[in-house]
Amino acid sequence: MENSKLMDNGNGSAGYLDGTKPPPVDGTTCNEKDKGGRRRSEVPLMKLKTYLSALRPWSLSASLVPTLLGEAIAYRRLGFAEFNVLIFLFTIFTVVMVHCAGNVVNTYFDFVKGIDNRKSDDRTLVDHILSKDEVVTLGAVLYCAGCVGFIFLVYLSPAKLEHLALVYFGGLSSSFLYTGGIGLKYIALGDVLILIIFGPISVLFSYMAQTGNVEWMTIYYAIPLALNTEAILHSNNTRDAESDKKVGIVTLAILIGKTSSYILYALLLFTPYVMFVVLGVKYSSAFLIPMVTLPQAFKIEKQFRQEATMHGVPRQTARLNLFFGILYVLACFCAPQLPFIGRK
């Protein structure tokens, strides 16, 4: 056929008689690759992976597990018939969105203040993976998504609006103020904030959204998770103490020094296990289930003491936090009765 014959287009490029161009010799279609040699269809997927990486998904156990714990306690109080799955899903969504937004805010302000450098774990802005404008936009979108989830919770939950709003907006503002605004992280108050948010606040919010009641004894159940989560932050601050000191920020690890930081890390890491032994002996052996993670805790504690292995301790602690927390939630399901928590 005539249109299958090649002709010169007059500008040095070959084409068919009908004006179309032949496919490239590598088998791809015209305009299928960008300037970097990547297929255009791959670019949106790579961008999506970049955004997901910027959210620091490895850290989400810090908020997800306390939320699951609050839901587990609520389930034990309400029973299967009254437990609302939609409330459960929207609570998880809301908490995770706010946590991700807080991570993005942390990324932005750490970079702007010169804290993130070539040795930092977070490479989002350091390596120009995303621009500062993209990070700001991502944070705003995540906070908006969290607020949308909260609106659905207000509609579904039996809790009073003022109670739910107080805890939610307290957690949201805290996620921003950790590094944004006055930057509590930079004046040695970040540890206190983490103990409150990723423990009592998350568990209470989750429990209250499901049951409609404010049960202060849920804070007792939040203590092991809060301590374990603080261990993640403290190990990160201890590792980065020298670089943090150079840029002028103050953390608890800097104030108390290396030896005391190790002692504090050990207390944060192992105190929850002591609590589980007490609960297991006094109330139910089900509370001993999380003890299976104790050998891993000892391994991480050993890595904390050695300079060569210190770098990976925060992520190792976060991984421990996830498995430790899931087993704790399982223990709350398996225990015949939850101490201090009455049935409806």
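- The side-chain heavy atoms of Gln296 and Ile300, taken from C-beta on, include a pair separated by under 4.5 Å.
- Gln316 and Gln303 form no side-chain donor-acceptor contact under 3.5 Å, judged by distance and modelled atom types alone.
- Checked against side-chain contact (heavy atoms from CB on, under 4.5 Å), Leu322 has the following partners two or more places apart in sequence or in another chain: Ser61, Val65, Ile326.
- Heavy atoms only, all atoms of each residue included: Leu172 and Cys147 are closest at CD1-SG, 4.1 Å.
- Taking all atoms of both residues into account, the shortest heavy-atom contact from Gly146 to Thr94 is O-CG2, 3.4 Å.
- Taking every heavy atom of both residues into account, Leu255 and Ala188 meet most closely at CD1-CB, 3.7 Å.
- A single hydrophobic cluster is not seen to contain both Val278 and Leu294; linkage of ILVMFWY side chains at heavy-atom distances under 4.5 Å, directly or through other members, places them apart.
- Counting heavy atoms from C-beta outward, Val329 and Leu68 have side chains that approach closer than 4.5 Å.
- Side chains of Thr179 and Leu184 form no contact here, defined as non-hydrogen atoms less than 4.5 Å apart.
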message: Before you tell me yes or no, could you show the steps for Ser261 and His234 under side-chain contact (heavy atoms from CB on, under 4.5 Å), namely the whole-Å CA-CA distance, both residues' side-chain angles and the distance that decides it to 0.1 Å?
response: CA-CA 8 Å; Ser261 288; His234 183 64; 3.5 Å; yes

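- With hydrogens and angles disregarded, a donor-acceptor distance shorter than 3.5 Å links the side chain of Ser235 to the backbone of Ile232.
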message: Would Phe150 and Phe169 count as a ring-ring contact (aromatic ring centres under 6.0 Å, His included) here? Give the steps.
response: CA-CA 10 Å; Phe150 175 71; Phe169 286 107; 5.5 Å; yes

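- Other residues, nucleotides and ligands contribute over 12 non-hydrogen atoms within 6.0 Å of the CD atom of Gln306.
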side-chain contact (heavy atoms from CB on, under 4.5 Å) evaluation trace for Leu264 with Leu252: CA-CA 10 Å; Leu264 178 58; Leu252 182 60; 3.6 Å; yes

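- Remark: side-chain polar atoms of Ser206 are paired, donor with acceptor, to backbone N or O of Thr67 under 3.5 angstrom.
- Both Tyr265 and Phe270 are members of a single hydrophobic cluster when ILVMFWY side chains are connected at heavy-atom separations under 4.5 Å.
- Interatomic distance, Arg239 CZ to Asp244 CG, rounded to the nearest 0.5 Å: 9.5 Å.
- At most 12 heavy atoms of other shown residues, nucleotides or ligands fall within 6.0 angstrom of atom CZ in Phe152.
- Taking the ring centroids of Phe88 and Tyr75, they lie at or beyond the 6.0 Å cut-off.
- Under the 3.5 Å distance criterion, the side-chain polar atoms of Arg315 are left unmatched by any main-chain donor or acceptor of Ser59.
- Annotation: Tyr220, atom OH; neighbour count of heavy atoms from other residues, nucleotides and ligands within 6.0 Å is above 12.
- The OG1 atom of Thr229 lies 12.5 Å from the CG atom of Asp191; values are rounded to the nearest 0.5 Å.
- By the 4.0 Å N-to-carboxylate-O rule, Glu301 lies close enough to Arg305 to be salt-bridged with it.
- You'll find the side chain of Phe109 stays beyond 4.5 Å of the side chain of Tyr178, heavy atoms only.
- The backbone N or O of Phe198 sits nowhere less than 3.5 Å from a side-chain atom of Ser202 that would complete a donor-acceptor pair.
- A pairwise comparison of heavy atoms in His99 and Ser63 identifies ND1-OG, 2.6 Å as the closest pair.
- Note on ring orientation: taking the six-membered ring where Trp is involved, the planes of Phe90 and Phe93 are perpendicular (angle over 60°, cut-offs 30° and 60°).
- Clustering ILVMFWY residues whenever any of their side-chain heavy atoms sit less than 4.5 angstrom apart, transitively, puts Ile196 in the very cluster that holds Val214.
- No side-chain heavy atom of Glu82 sits less than 4.5 Å from a side-chain heavy atom of Gln210.
- Listed here is the closest heavy atom pair of Asn84 and Leu86: OD1-N, 2.9 Å.
- Note that OG1 of Thr218 and CZ of Arg77 are 11.0 Å apart. Values are rounded to the nearest 0.5 Å.
- Cluster annotation: Ile256 is connected to Leu268 through the hydrophobic network of ILVMFWY side chains, with a link wherever side-chain heavy atoms come within less than 4.5 Å.
- The shortest distance between side-chain heavy atoms of Cys100 and Leu60 falls below 4.5 Å.
- Taking 4.5 Å as the limit, some side-chain heavy atom of Phe324 sits within range of a side-chain heavy atom of Leu225.
- Counting heavy atoms from C-beta outward, Phe83 and Glu71 have side chains that approach closer than 4.5 Å.
- At distances below 3.5 Å, not a single donor-acceptor pair connects side-chain atoms of Arg76 with backbone N or O atoms of Leu338.
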field: side chain to side chain donor-acceptor pair (under 3.5 Å) between Tyr186 and Thr251, intermediate numbers included
entry: CA-CA 6 Å; Tyr186 310 127; Thr251 63; over 6 Å; no

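- Ser157 contributes atom OG, which lies 8.0 Å from atom CZ of Phe205 (distance to the nearest 0.5 angstrom).
- A donor atom on one side chain and an acceptor atom on the other are found under 3.5 Å apart for Thr293 and Tyr273.
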message: Apply side-chain contact (heavy atoms from CB on, under 4.5 Å) to residues Thr317 and Phe304 and explain how you reach the verdict.
response: CA-CA 10 Å; Thr317 309; Phe304 188 97; over 6 Å; no

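- A continuous path of ILVMFWY side-chain contacts below 4.5 Å connects Leu204 to Ile223, so both sit in one hydrophobic cluster.
- Within the model, atoms CG of Leu189 and CD1 of Ile194 stand 12.0 Å from one another, a figure rounded to the nearest 0.5 Å.
- To the nearest 0.5 Å, the span separating NE2 on His311 from CG on Asn236 amounts to 9.5 Å.
- Side chain of Tyr221 to main chain of Val203: no donor-acceptor pair is present (N/O by atom type, distance under 3.5 Å, no hydrogens or angles).
- For the residue pair Thr238 / Tyr262, no side-chain donor-acceptor distance below 3.5 Å is found, with atom types taken as modelled.
- Taking every heavy atom of both residues into account, His163 and Met208 meet most closely at O-CE, 3.5 Å.
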message: Under the criterion side-chain contact (heavy atoms from CB on, under 4.5 Å), I'd like the reasoning laid out for Val95 against Leu64: C-alpha separation, chi angles, the key distance, then a yes or no.
response: CA-CA 7 Å; Val95 170; Leu64 186 58; over 6 Å; no

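- Although no hydrogens or angles enter the test, the distance criterion places a donor-acceptor pair under 3.5 Å between the side chain of Thr107 and the main chain of Asn103.
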query: Where do Tyr328 and Phe276 land on the ring-ring contact (aromatic ring centres under 6.0 Å, His included) test, with the steps shown first?
result: CA-CA 9 Å; Tyr328 182 25; Phe276 290 142; 4.9 Å; yes

